[in-house]
Number of protein chains: 2
Amino acid sequence: MMHRRELILEALGQALGLEDLQESIVALRKHFRVDHLVYHWVNSAGDQYGCGTYPSDWVQRYLDQDYLRVDPVIVGCYQRFHPVDWKRLDWSSKPARSFQADAIAHGIGNQGFSVPIRGPNGQFALFTASHHCGDMEWERFTESNRRDLILIAHEFNQKALELEPGRKPEKSRNLSPREIDALTLIAMGYSRAQVAEALTISEHTLRVYIESARSKLGALNTTHAVARALSRGLIIV
Amino acid sequence: MMHRRELILEALGQALGLEDLQESIVALRKHFRVDHLVYHWVNSAGDQYGCGTYPSDWVQRYLDQDYLRVDPVIVGCYQRFHPVDWKRLDWSSKPARSFQADAIAHGIGNQGFSVPIRGPNGQFALFTASHHCGDMEWERFTESNRRDLILIAHEFNQKALELEPGRKPEKSRNLSPREIDALTLIAMGYSRAQVAEALTISEHTLRVYIESARSKLGALNTTHAVARALSRGLIIV
DNA sequence: TCAGGCCTCGCTATTTTGGGGGAGTGCAAA
DNA sequence: TTTGCACTCCCCCAAAATAGCGAGGCCTGA
């Protein structure tokens, strides 16, 4: 016998548009019996996309206030891998506190559980369950649904990636091996002279590589090129 | 009634050392009835750590030959998020082909399914199931075990992170807000003059920020600092 | 065969950085 | 209260990176 969750995931698998994602998330909220369930995608450019059950005025306020860089859930999860309970995040800073107050005023639960997800090109997303209840009850909920939430988070993200609106028209031409070498060593802090020596090529040749990598990446300068290459996973430092 | 898989995961949850991970992976291989099951961790520094059931001479050869930068599984997965079947990767380049031949000669299966996992600080890991069989059989296997493999991959990675040998002693002092601003704008390709204008501070002040960020990050120059800040998730470009 | 990408090298001039000095204000914790 | 730390400003000069010009050989796929 199939669980209800399975059915929802089934439907998710067949989702063709962003509306279907929205539908699925509403259905999942009902299944989990939580106040809110949200999928929040942060583009490498800082663009955001989300779907979920947060009230729209809160979403608007979040965008207006540029809460992305304040929200302890984002800030905290961005540097970690594990799913986290909101209680374990750092809410002590002044902006974080006022953000928290604002969120609660907008009907966001006092409890939350967020699953960070990372993808290529520096993609980062969060799948969050939020609820208004006591610590004990929330503890029980997360205990028993942790794994399901992780799985759903990933199914969800996969689907969102497929449906990604900004399917980069800039088909990032791959960097050539030499360009990767050059950029990697530059990213490791070596000067052009050092890199040229390490690669046993003339400094001028090295410059050509950096230049072409830069233009391929649409970067304004070397540092920018390194940043882009890193975000896109083209080089590993 | 608990599945065998659940029991293994239970044991994994209680793992205290790397040997326990190795034990778990052997048990899981038996459960899935595949030739090989491997967890392969790639540090941001390029260091590797792995555990699994690959023959030790293959592991040694992999390290000796620096296959990390050739292996299509690594290269391919590094830029994607979805778990992939090895058949969907690009094996066409010359080094990739010779790598493939070498792998098969060492008893690695012709089929494979890899789950990429990403964590903070540029952490990247792969959880791979590999087998020797026909396409149809492999298709059936991945169909029915995809979700379990993803889940286990994440459990495994979580455990590996906890047991991480290189628990950075360099407690990265956090960057100050202004330092983050400065570094972020620099990473976006603006020159010092432009950044200074954007932040409405003198160019000299900006330099002080970059300098202090650089020293906090132990970076050799600005580009290096940006690279480190990005890898550590301290800035978002 | 030929275009196009990749790898390699040279020169000059300008702009941007980096590293070295200092110096003053706040604020917050020890 | 003293000691940090974050933030802001100033000068100078050498070193490094950028920008523009140019050249040729090799290999691959159309």
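All values below were derived from every heavy atom in this structure, side-chain atoms included, with hydrogens, water molecules and symmetry-related copies excluded. Throughout, protein chains are lettered first and strands after them, A, B, ... in sequence-line order, and every chain is numbered starting at 1.
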Do A:W138 and A:N110 have side-chain atoms, one donor and one acceptor, less than 3.5 Å apart?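 On atom types as modelled, these side chains do not qualify, holding no pair under 3.5 Å.
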
Side-chain donor-acceptor pair under 3.5 Å between A:S212 and A:E179, yes or no? yes

Answer yes or no: does a side-chain N or O of B:R192 lie under 4.0 Å from OP1 or OP2 of C:dT17? yes

Kindly say if B:K216 contacts the phosphate of D:dA6, meaning a side-chain N or O under 4.0 Å from OP1 or OP2.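 The answer is yes; a side-chain N or O of B:K216 sits under 4.0 Å from OP1 or OP2.
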
Separation of [N] [atom2] from [X] [atom1] (nearest whole Å):
{"X": "B:H224", "N": "D:dA17", "atom1": "NE2", "atom2": "C1'", "result": "18 Å"}
{"X": "B:I210", "N": "D:dA6", "atom1": "CD1", "atom2": "C1'", "result": "16 Å"}
{"X": "A:L206", "N": "D:dA19", "atom1": "CG", "atom2": "P", "result": "15 Å"}
{"X": "B:R178", "N": "D:dC7", "atom1": "CZ", "atom2": "P", "result": "7 Å"}
{"X": "A:L199", "N": "C:dC9", "atom1": "CG", "atom2": "C1'", "result": "15 Å"}
{"X": "A:E211", "N": "C:dT8", "atom1": "CD", "atom2": "C1'", "result": "16 Å"}
{"X": "B:E179", "N": "D:dA6", "atom1": "CD", "atom2": "C1'", "result": "8 Å"}
{"X": "A:D181", "N": "C:dT8", "atom1": "CG", "atom2": "C1'", "result": "15 Å"}

[X] side-chain proximity, nearest of [options]:
{"X": "A:S202", "options": "C:dC9, C:dT17, D:dA6", "answer": "C:dC9"}
{"X": "A:R214", "options": "D:dA19, C:dT17, D:dC7", "answer": "D:dA19"}
{"X": "A:S191", "options": "C:dT8, D:dA16, C:dG18", "answer": "D:dA16"}
{"X": "A:I201", "options": "C:dC9, C:dC7, C:dT17", "answer": "C:dC9"}

Would you please classify the geometry between the A:F156 ring and the A:F127 ring as parallel, tilted or perpendicular, with 30° and 60° separating the classes? tilted

In terms of ring plane angle, is the pair A:Y54 and A:H36 parallel, tilted or perpendicular, where the classes change at 30° and 60°? perpendicular

Quick one: label A:S212 by what it contacts on the DNA or RNA (base, sugar-phosphate, nothing), any heavy atom closer than 4.0 Å.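 A:S212: no heavy atom of the nucleic acid under 4.0 Å.
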
Which part of the nucleic acid does A:T205 contact within heavy-atom distance under 4.0 Å: base, sugar-phosphate only, or nothing? base

Test side chain to side chain donor-acceptor pair (under 3.5 Å) applied to A:D35 - qualifying residues, sequence neighbours left out: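 So A:D35 forms a side chain to side chain donor-acceptor pair (under 3.5 Å) with A:H131.
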
Residues two or more places apart in sequence or in another chain: which of them pass side chain to side chain donor-acceptor pair (under 3.5 Å) with A:H106? A:D102

For nucleotides 20-30 of chain C, 5' to 3', base contacts (B), sugar-phosphate-only contacts (S) and non-contacts (-) with protein non-hydrogen atoms under 4.0 Å give BBB--------

Answer yes if the ring centres of A:F99 and A:W58 are under 6.0 angstrom apart, and no otherwise.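 Centroid distance A:F99-A:W58: below 6.0 Å, so yes.
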
